[in-house]
A.B. asks: 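I have a structure here, written as structure tokens, and I will follow up with some questions on it.
Positions are given from 1, in the same order as the sequence printed here. Every heavy atom of this structure was used, including side-chain atoms; hydrogens, water molecules and symmetry mates were not.
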Amino acid sequence: MTTTGIQSGRCIVRILVVGGSGLIGAHVVEVLRERGHAATTVARTAHPGVDHLVDVDAASVDDLRPLLADHDGVVYATRTDEQRPLPKPIYPQFRHDNVEPVVRLFTAARLEGLSRGVVMGSYYTCFDRLHPQWRLAERHTYIRCRVEQAREGREAAGTDLPVAVLELPFVFGRAGDRLPNWAGPLDRWARSRTPLVAPTGGSAAASARSVAEVTVDALEAASGDDIPVADENLTWDDMLGRIAAAVGRPRRVSRMPSGAAKAALRLGGALQALGRKESGINPTYLADLLLAELFIEPTTGRPLGRALRETFGEGAA
């Protein structure tokens with residue numbers, strides 16, 4: 001397929017954004033259009049700006065091909081909740097949600113001759129690659145499926161359709177009424193009178209806007225790389241303190257002893273097991289992740305202040 005045109009020496013491309021009404025997808029559409037590209041959106045539910053209502057989880061390759069026709073690239077920006085407990089065994093459901101739709105999508109994209117793609121992945125695959133001794137894919141079904149998603153999606157795409165996988169940490173920001181799915185509980189906690197307590201360790205974080213800009217950079221370059229994305233690295237106490245400040249209730253964050261955090265999470269894992277349920281991130285081993293510094297070399301240098309205020313400012317809850 002040929003691109004739709006040239007502008008100032010840069011290829012102008014037409015991109016299908018799956019999950020285009022979500023937090024990240026909406027920002028991707030915005031950045032694409034700012035740079036002069038064409039964007040078409042697909043989502044499961046009706047929402048302003050959605051062009052096609054399609055449940056990609058259930059769509060066949062033949063269903064997807066007409067949507068992809070006449071596009072140069074595709075972005076897969078949907079996600080599932082890795083923490084929700086489900087009846088054992090959860091692997092078939094997580095594979096159904098995370099891997100199989102990507103395989104069908106990129107099979108259809110290859111058959112339609114698309115030339116570039118991006119999958120919104122997880123930074124856990126970056127740490128699985130860097131620290132094999134952590135046995136992340138073995139211990140956590142969600143991480144296993146993210147690894148399979150990247151590998152099998154690229155296999156389905158073939159050699160002529162490079163697929164970049166953005167390895168995303170905590171993502172802050174908003175798009176209309178769309179907020180991160182974990183923001184609500186943290187917002188309520190920060191606004192309450194309950195003391196704020198955090199363990200050691202921390203995480204990389206990025207704004208939805210930064211993720212979108214890196215996405216469009218990857219599309220313009222037709223990149224097939226694994227791309228960890230981060231604006232800042234935050235310890236947990238720093239993150240909670242900044243959230244409290246954003247909601248207008250600044251206060252001290254106390255440090256939780258590591259032993260207490262490990263005991264609580266292992267208890268959660270034991271209770272899940274008694275109920276014959278599992279989560280995508282296994283609580284029995286979650287302490288190993290929670291107490292680590294899951295930091296990434298910042299890719300943008302952009303401070304997170306604005307995205308934090310968008311997520312947790314007045315009226316964000």
A.B. asks: Under a 3.5 Å distance rule, please check whether Asp231 uses its side chain to pair with a backbone N or O of Ser207 as donor and acceptor.
C.D. replies: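 Confirmed, Asp231 side chain pairs with Ser207 backbone.
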A.B. asks: How far does CG of Leu234 sit from CG of Leu294, to the nearest 0.5 angstrom?
C.D. replies: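 Here the rounded value is 12.0 Å.
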A.B. asks: Any chance you could pull the hydrophobic cluster mates of Phe295, using side-chain heavy atoms under 4.5 angstrom and chaining through other members?
C.D. replies: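 None, because no other hydrophobic side chain comes under 4.5 Å of this residue.
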A.B. asks: I need the minimum non-hydrogen distance between Ala108 and Arg65, along with the two atoms involved.
C.D. replies: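 For Ala108 and Arg65, the tightest heavy-atom pair comes out as CB-CG, 3.8 Å.
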A.B. asks: Does Asp55 pair with Arg44 as a salt bridge, N-O distance under 4.0 Å?
C.D. replies: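 The answer is yes: the pair qualifies as a salt bridge.
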A.B. asks: Decide yes or no on salt bridge (charged side-chain N to carboxylate O under 4.0 Å, His left out) for Arg110 and Glu155, but give the supporting numbers first.
C.D. replies: CA-CA 10 Å; Arg110 171 176 52 80; Glu155 289 171 354; over 6 Å; no
A.B. asks: With rounding to the nearest 0.5 Å, note down the distance linking CD in Glu100 to CG in Asp57.
C.D. replies: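 Glu100 CD to Asp57 CG: 9.5 Å, rounded to 0.5 Å.
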A.B. asks: Ion pair present between Lys88 and Glu278, side-chain N to carboxylate O less than 4.0 angstrom?
C.D. replies: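 No, Lys88 and Glu278 are not salt-bridged.
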A.B. asks: Centroid-to-centroid, Phe172 to Trp182, below 6.0 Å?
C.D. replies: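 Under 6.0 Å, so yes.
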A.B. asks: Measure the spacing between CG of Asp217 and OG of Ser223 and express it to the nearest 0.5 Å.
C.D. replies: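 If I round to the nearest 0.5 Å, the distance is 10.0 Å.
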A.B. asks: Once you round to the nearest 0.5 Å, how far does CG of Leu304 lie from CG of Asp238?
C.D. replies: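 Nearest 0.5 Å value for the CG-CG distance: 10.0 Å.
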A.B. asks: Measuring only between side-chain heavy atoms, which start at C-beta, is Thr141 closer than 4.5 Å to Gln93?
C.D. replies: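 Of all side-chain heavy-atom pairs linking Gln93 with Thr141, none is under 4.5 Å.
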A.B. asks: Sequence neighbours excluded and cut-off under 3.5 Å, please list the side-chain donor-acceptor pairs for residues 160-169, or say none.
C.D. replies:
| residue | atom | partner | partner atom | Å |
| --- | --- | --- | --- | --- |
| Glu167 | OE1 | Arg129 | NH2 | 3.0 |
| Glu167 | OE2 | Thr125 | OG1 | 2.7 |
| Glu167 | OE2 | Cys126 | N | 3.4 |
| Glu167 | OE2 | Arg129 | NH1 | 2.8 |

A.B. asks: Testing the basics here: between Asn98 and Cys145, what is the closest heavy-atom pair and its distance to 0.1 Å?
C.D. replies: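 In terms of heavy atoms, the two residues are closest at CB-CB, 4.2 Å.
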A.B. asks: Are Glu220 and Arg35 ion-paired here, with the side-chain N under 4.0 Å from a carboxylate O?
C.D. replies: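 Here Glu220 pairs with Arg35 in a salt bridge, since their nearest N and O are under 4.0 Å apart.
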A.B. asks: Look at Glu232 together with Arg242 and state whether they make a salt bridge at an N to O cut-off of under 4.0 Å.
C.D. replies: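 Salt bridge present between Glu232 and Arg242.
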A.B. asks: Using the rule given for side chain to side chain contact (heavy atoms under 4.5 Å, CB included), can you reason through Met120 versus Val211, listing the C-alpha separation, both sets of side-chain angles and the distance that settles it, and then say yes or no?
C.D. replies: CA-CA 9 Å; Met120 298 301 167; Val211 172; 4.0 Å; yes
A.B. asks: If you define the side chain from C-beta out and look only at heavy atoms, does anything of Met256 sit under 4.5 Å from Ser254?
C.D. replies: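 No. Closest side-chain heavy atoms not under 4.5 Å.
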A.B. asks: Any sub-3.5 Å donor-acceptor pair from Thr311's side-chain atoms to Gly173's backbone N or O?
C.D. replies: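 Yes; judged by distance alone, with no hydrogens or angles, the pair exists.
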A.B. asks: Just checking Trp189 against Phe312, ring centres under 6.0 Å apart?
C.D. replies: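 They do not qualify: ring centres at least 6.0 Å apart.
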A.B. asks: Look at the side-chain heavy atoms of Ile, Leu, Val, Met, Phe, Trp and Tyr, link any pair under 4.5 Å apart, and say whether Ile281 and Leu291 land in one connected group.
C.D. replies: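 Shared cluster, no.
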A.B. asks: According to a 4.5 Å side-chain heavy-atom criterion applied to Ile, Leu, Val, Met, Phe, Trp and Tyr, with indirect links allowed, do Tyr142 and Val99 form part of one hydrophobic cluster?
C.D. replies: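 Result: no, two separate clusters.
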A.B. asks: Inspect the contact between Glu152 and Arg104 and indicate whether a charged nitrogen and a carboxylate oxygen are less than 4.0 angstrom apart.
C.D. replies: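 Salt bridge flag = no for Glu152 with Arg104.
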A.B. asks: Between Asp128 and Arg146, is the closest basic N to carboxylate O distance under 4.0 Å?
C.D. replies: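 The answer is no: the pair does not qualify as a salt bridge.
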A.B. asks: Examine Val247 and Val197 and state if one hydrophobic cluster contains both, with Ile, Leu, Val, Met, Phe, Trp and Tyr joined whenever side-chain heavy atoms are less than 4.5 Å apart.
C.D. replies: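 No: no chain of side-chain contacts under 4.5 Å links Val247 to Val197.
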A.B. asks: Which pair of heavy atoms, one from Leu86 and one from Phe94, lies closest together, and at what distance?
C.D. replies: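 What the structure gives for the nearest pair is CD1-CE1, 3.8 Å.
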A.B. asks: I'd like to know if the side chain of Arg266 and the backbone of Pro283 have a donor-acceptor N/O pair within less than 3.5 Å.
C.D. replies: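 The answer is no, because no donor-acceptor pair under 3.5 Å joins these two groups.
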A.B. asks: Can you list everything that forms a salt bridge (Lys or Arg N to Asp or Glu O under 4.0 Å) with Arg306? Sequence neighbours excluded, please.
C.D. replies: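 Scan of Arg306 (salt bridge (Lys or Arg N to Asp or Glu O under 4.0 Å), adjacent residues dropped) gives Glu310.
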A.B. asks: Using the salt bridge (Lys or Arg N to Asp or Glu O under 4.0 Å) criterion, which residues pair with Arg255? Sequence neighbours excluded.
C.D. replies: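 Counting only residues at least two positions away or on another chain, Arg255 forms a salt bridge (Lys or Arg N to Asp or Glu O under 4.0 Å) with Asp237.
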A.B. asks: Write down the atom of Pro298, the atom of Asn233, and the distance for their closest heavy-atom approach.
C.D. replies: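 Closest heavy-atom pair between Pro298 and Asn233: CD-ND2, 4.0 Å.
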A.B. asks: Could you please spell out the steps behind the side chain to side chain contact (heavy atoms under 4.5 Å, CB included) verdict for Asp63 and Val56?
C.D. replies: CA-CA 9 Å; Asp63 293 331; Val56 174; over 6 Å; no
A.B. asks: In Å and rounded to the nearest 0.5 Å, what is the OG1 to CG distance from Thr284 to Leu267?
C.D. replies: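 Result: 10.0 Å between the selected atoms.
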A.B. asks: Is a side-chain donor or acceptor of Arg139 paired with a backbone partner of Ala137 at a separation under 3.5 angstrom?
C.D. replies: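 Pair absent, no side-chain N/O of Arg139 close to backbone of Ala137.
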A.B. asks: When you group the ILVMFWY residues by side-chain heavy-atom contacts below 4.5 Å and let the links chain together, are Tyr124 and Trp134 in the same group?
C.D. replies: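 Same hydrophobic cluster.
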A.B. asks: Please report the interatomic distance NE2(His71) to OG1(Thr40), rounded to the nearest 0.5 Å.
C.D. replies: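 Going from the NE2 atom of His71 to the OG1 atom of Thr40 covers 3.0 Å.
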A.B. asks: Side-chain contact, heavy-atom cut-off 4.5 Å: Asp70 with Arg14?
C.D. replies: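 Side-chain contact under 4.5 Å: yes.
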A.B. asks: Walk me through it: do Asp187 and Leu179 pass the test side chain to side chain contact (heavy atoms under 4.5 Å, CB included)?
C.D. replies: CA-CA 11 Å; Asp187 186 285; Leu179 292 164; over 6 Å; no
A.B. asks: Decide whether Leu265 and Ile143 are clustered together by the hydrophobic rule: side chain heavy atoms of Ile, Leu, Val, Met, Phe, Trp, Tyr closer than 4.5 Å, transitively.
C.D. replies: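 Leu265 clusters together with Ile143.
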A.B. asks: Only one of Asp72, Val74, Val75 passes side-chain contact (heavy atoms from CB on, under 4.5 Å) with Leu219; say which it is.
C.D. replies: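 Exactly one pass, corresponding to Val75.
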A.B. asks: Could you check whether the rings of Tyr123 and Phe127 sit parallel, tilted or perpendicular, using 30° and 60° as the cut-offs?
C.D. replies: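 Judged by the thresholds at 30° and 60°, the geometry between Tyr123 and Phe127 is perpendicular.
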A.B. asks: Which heavy-atom pair separates Thr200 from Ser258 by the least distance, and what is that distance?
C.D. replies: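 Where Thr200 meets Ser258 most closely, the heavy atoms are OG1-OG, 3.6 Å.
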A.B. asks: What I want to check is whether the side chains of Ser210 and Arg302 have a donor and an acceptor closer together than 3.5 Å.
C.D. replies: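 The answer is yes; a qualifying pair exists.
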A.B. asks: Just so I know, are the side chains of Leu16 and Leu67 near enough to count as touching, which here means a heavy-atom distance under 4.5 Å?
C.D. replies: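 Yes, side chains in contact.
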A.B. asks: Is there any side chain to side chain donor-acceptor pair (under 3.5 Å) pair reaching into residues 15-33, and which pairs are they, with sequence neighbours excluded?
C.D. replies: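 Non-adjacent pairs meeting side chain to side chain donor-acceptor pair (under 3.5 Å): Glu30-Arg209.
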A.B. asks: What pair of heavy atoms forms the shortest contact from Ser203 to Phe170, and how long is it?
C.D. replies: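 Smallest interatomic distance, heavy atoms only, reads OG-CD1, 3.4 Å.
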A.B. asks: Other hydrophobic cluster members with Tyr91, side-chain heavy atoms of Ile/Leu/Val/Met/Phe/Trp/Tyr under 4.5 Å, chained?
C.D. replies: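 Under the 4.5 Å side-chain rule, Tyr91 groups with nothing.
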A.B. asks: Would Arg251 and Leu196 count as a side chain to side chain contact (heavy atoms under 4.5 Å, CB included) here? Give the steps.
C.D. replies: CA-CA 8 Å; Arg251 59 196 191 275; Leu196 298 181; 3.6 Å; yes
A.B. asks: Does the pair Arg95/Glu148 count as a salt bridge with the N-to-O cut at 4.0 Å?
C.D. replies: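 Glu148 and Arg95: salt-bridged.
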